[in-house]
There are 2 protein chains.
Amino acid sequence: MKQTKDPFPTIYDVAQASGLSIATISRALNNPEKVSPATRERVMRVIDEIGFVPKADARARALQNTGRIGVVSPFFTAPSFVQRLRGIADGLSSTHYEMVVYPVDSGEHIKHYIQTLPLTRSLDGLIIVSMAVSDDDARRLRDYQIETVLIEFPHPKLNTIEIDDFEGGLMAGQYLIDKGHRQVGFLGVAGLPEFAIHPESRRLAGFRKSLARAGLTLPEAYICNAPYRLELDESVQKLLELAERPTAIFAATDLQAMGLLKIAREKGLCVPEDLAIIGFDDIDFADYVGLTTIRQHMYQSGKLAVELLLSRLKQPDLDVQHLKIQLELVERNTA
Amino acid sequence: MKQTKDPFPTIYDVAQASGLSIATISRALNNPEKVSPATRERVMRVIDEIGFVPKADARARALQNTGRIGVVSPFFTAPSFVQRLRGIADGLSSTHYEMVVYPVDSGEHIKHYIQTLPLTRSLDGLIIVSMAVSDDDARRLRDYQIETVLIEFPHPKLNTIEIDDFEGGLMAGQYLIDKGHRQVGFLGVAGLPEFAIHPESRRLAGFRKSLARAGLTLPEAYICNAPYRLELDESVQKLLELAERPTAIFAATDLQAMGLLKIAREKGLCVPEDLAIIGFDDIDFADYVGLTTIRQHMYQSGKLAVELLLSRLKQPDLDVQHLKIQLELVERNTA
DNA sequence: TGATATCATGAAAGTGCTTTCATGAAAGTT
DNA sequence: AACTTTCATGAAAGCACTTTCATGATATCA
């Protein structure tokens, strides 16, 4: 009667109630084959009776692992990042791992995370999304043997899921050129905090390359940078008000492409006739608005990241891997 | 020299290196005033030297708190839910709490979580979003003294952030009536899994009430249910092809309202002239597409939930609270 | 100067589990 | 019948901290 009242029965209670030792209870739970069937039966019945559930932290302590993997990400609620998060969550859902999300909104934050997370030992693995990791950080992560997978920012010493931003920019440019455009512009990202990475510069580089190959140039006046959100600023207005404005624009992100699309339409421009627009990312809403874009399969990148992480957790001596996500041009109605 | 090589110095290493006992080290860290200034100085110097960081889980175990709060949510990557998540994350960011996300995608899942999370005791608090909680579940959560805040689904015995769906439906209906509409329809949610809650029925009830007050009725033919996503199914097509179709439709969620908007436009209908549309939620993209809607301030609900949770964590004997989020009609271009 | 209060410190218990190692019984072998 | 394996089980150590309680050393008071 005492046991049934106890709100938190421990393994000791189970042992006592069943007349066995805690070692046997533990075995029945974790290595059932090491226990006789009869005993196993008995243990299970008692467990059900008194409602025993192993305490996670005690288990973690003894096991030297925590059953938790951390995800550190900036803008984790931005559409594209959410898709990634979904991939991670799905990848983790079939395992017994929990997902701890560390939103980072300042440079202090990330430094702090990288410095203390490995030390407090409260995580089995770490997925770092779209954040620059210094050699120092990388060394620290390795020294403290916390398995880490980087998404988007590559580091030679760490597992990485890479996006070939250069290639993506090249694809976008080539596509526009093939469509006959000769005056093309670029919409980049402005005002990104210093701790975030800047993939748009590589997208721009690839874009430039494609133009060069076709003997075209990208005039300074055709390059515009705007904040990473739906509401763009006046610099975009100006670009569209140019006497000789571009006939096509490659936006470094879908979010901005959508902002651009809206402004263009407000100005009475027909898309794609007057102005072709191609984005990058393929966020969920891209399909809704019919945005032509370069898909980088965010969901898949997240899922891949956890698969990579899990495989390393199982076999820690595996070589560091650098996977590349396949880019894909999705043709819709804006270009 | 041994200490400096050890990648994970423990409190014992600090004790040995400083010639003090682990008890004193612990005190110097947690109750500095209980230790002589000289000793404190000495301890700190050694800690810095060998790079000691207390292991979080060991600390949690001894302290009986974990520094972690759990968020269980369905569809946690759907636009509206993400906004809520952002509110929760922001609310938590100024604290030392970590956010563990438990995505639920099956009924088994939620039952399982509610039954085991409190028992494994690896969480200080729990925020349950948009999930039905039975009396049994509620009792269990209380018995096992895990502080819980429910969002959207109210329970008398637990803290709740409520949304007045009935009132929202009423507001939507009243607005359409005031605009002169007499033939109004309703777009509800179909195919929601059984573990999710169904706020749309209350939204519908409120909507009906407003119609009744104006002497109007809602014909069966004007009620349509479609999946909770951007791509709606043919039932919506049929509604719009009715000989005498409604002049206005209240969609139970913004996501569906946007789907409806797209279909209407594809059919050549002018919105709002031919068909007025009003949604519910005010997701981020609602502003982009100019959707008139009932805002339920998802972000705020999340933030409020953590504030409520934190205040209860500090003062556990506080009475259970039931907060109501203020709804707000946001007039844009679709109605 | 002897008795008492104050204070910094250390020893040890507690936290709830896993796992190694030892033990004794049953089964198999010759 | 004596001996070796095999197998289920229990005792106990280990995980890395916090905190209570006891102790001995000072400081305080009469």
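A, B, ... follow the sequence lines: proteins, then strands. Residue 1 opens every chain. Values below: every heavy atom of this structure, side chains too, minus hydrogens, waters and symmetry copies.
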Exercise: do A:Asp137 and A:His155 side chains pair donor with acceptor under 3.5 Å: no
Atom-pair distance (CG on A:Asp13; P on C:dG16), nearest Å: 9 Å
Could you go through nucleotides 21-25 of chain C and list every protein N or O atom that sits under 3.5 Å from one of its N or O atoms, giving the distance for each pair?
none

Nearest-0.5 Å distance that lies between atom CD1 in A:Ile22 and atom CD1 in A:Ile25: 9.0 Å
Atom-to-atom span, OH of A:Tyr12 to C1' of C:dA13 - whole angstrom: 13 Å
Rounded interatomic separation in angstrom, taking CD from B:Gln16 and P from D:dA16: 15 Å
From CA spacing to verdict: side chain to side chain contact (heavy atoms under 4.5 Å, CB included), A:Lys157, A:Val320: CA-CA 7 Å; A:Lys157 306 269 195 182; A:Val320 166; 5.9 Å; no
B:Lys55 side-chain N/O to D:dA16 phosphate OP1/OP2 under 4.0 Å: no
Nearest-0.5 Å distance, OG of residue B:Ser93 to OH of residue A:Tyr102: 14.0 Å
Spacing of A:Leu63 atom CG relative to D:dA13 atom C1', expressed in whole Å: 16 Å
Protein-nucleotide distance (B:Asn31, atom CG; C:dC7, atom C1'), rounded to Å: 15 Å
Test side chain to side chain contact (heavy atoms under 4.5 Å, CB included) applied to B:Leu20 and B:Arg42, step by step: CA-CA 10 Å; B:Leu20 292 160; B:Arg42 180 147 59 113; 3.6 Å; yes
Sugar-phosphate, base or nothing in reach of A:Leu20, heavy atoms under 4.0 Å: sugar-phosphate
Value in whole Å for how far the P atom of D:dC17 lies from CD1 of B:Ile11: 6 Å
For A:Gly125 against A:Ile146, the heavy-atom pair lying closest together: CA-CG1, 4.3 Å
Nucleotide D:dA16, atom P - distance to CD1 of B:Ile22 in whole Å: 12 Å
Ring centre gap for A:Phe81 and A:Phe75 strictly below 6.0 Å: yes
Under 4.0 angstrom between A:Arg59 side-chain N/O and C:dG16 OP1 or OP2: no
Inter-end axis angle, the helix from C:dT1-D:dA30 to C:dT30-D:dA1, with every axis fitted to five base pairs (rounded, 10 degrees): 50°
Lys/Arg-Asp/Glu bridge criterion (N-O < 4.0 Å) met for B:Asp48, B:Arg45: no
N/O (side chain, A:Ser26) to phosphate O (OP1/OP2, C:dT18) under 4.0 Å: yes
Over all atoms of both residues, closest heavy-atom pair of B:Leu123 and B:Leu126: CD2-CD1, 4.0 Å
Salt bridge present between B:Lys303 and B:Glu307 (N-O < 4.0 angstrom): no
Polar contact flag, side-chain donor to acceptor under 3.5 angstrom, B:Ser130-B:Arg84: yes
Partner of B:Val149 by side chain to side chain contact (heavy atoms under 4.5 Å, CB included), out of B:Leu158, B:Leu304, B:Asn159: B:Asn159
Residues in contact with DNA chain C, drawn from residues 33-43 of chain A - heavy-atom cutoff 4.0 Å: none
Whole-Å distance separating the CD1 atom of A:Ile25 from the C1' atom of C:dT18: 13 Å
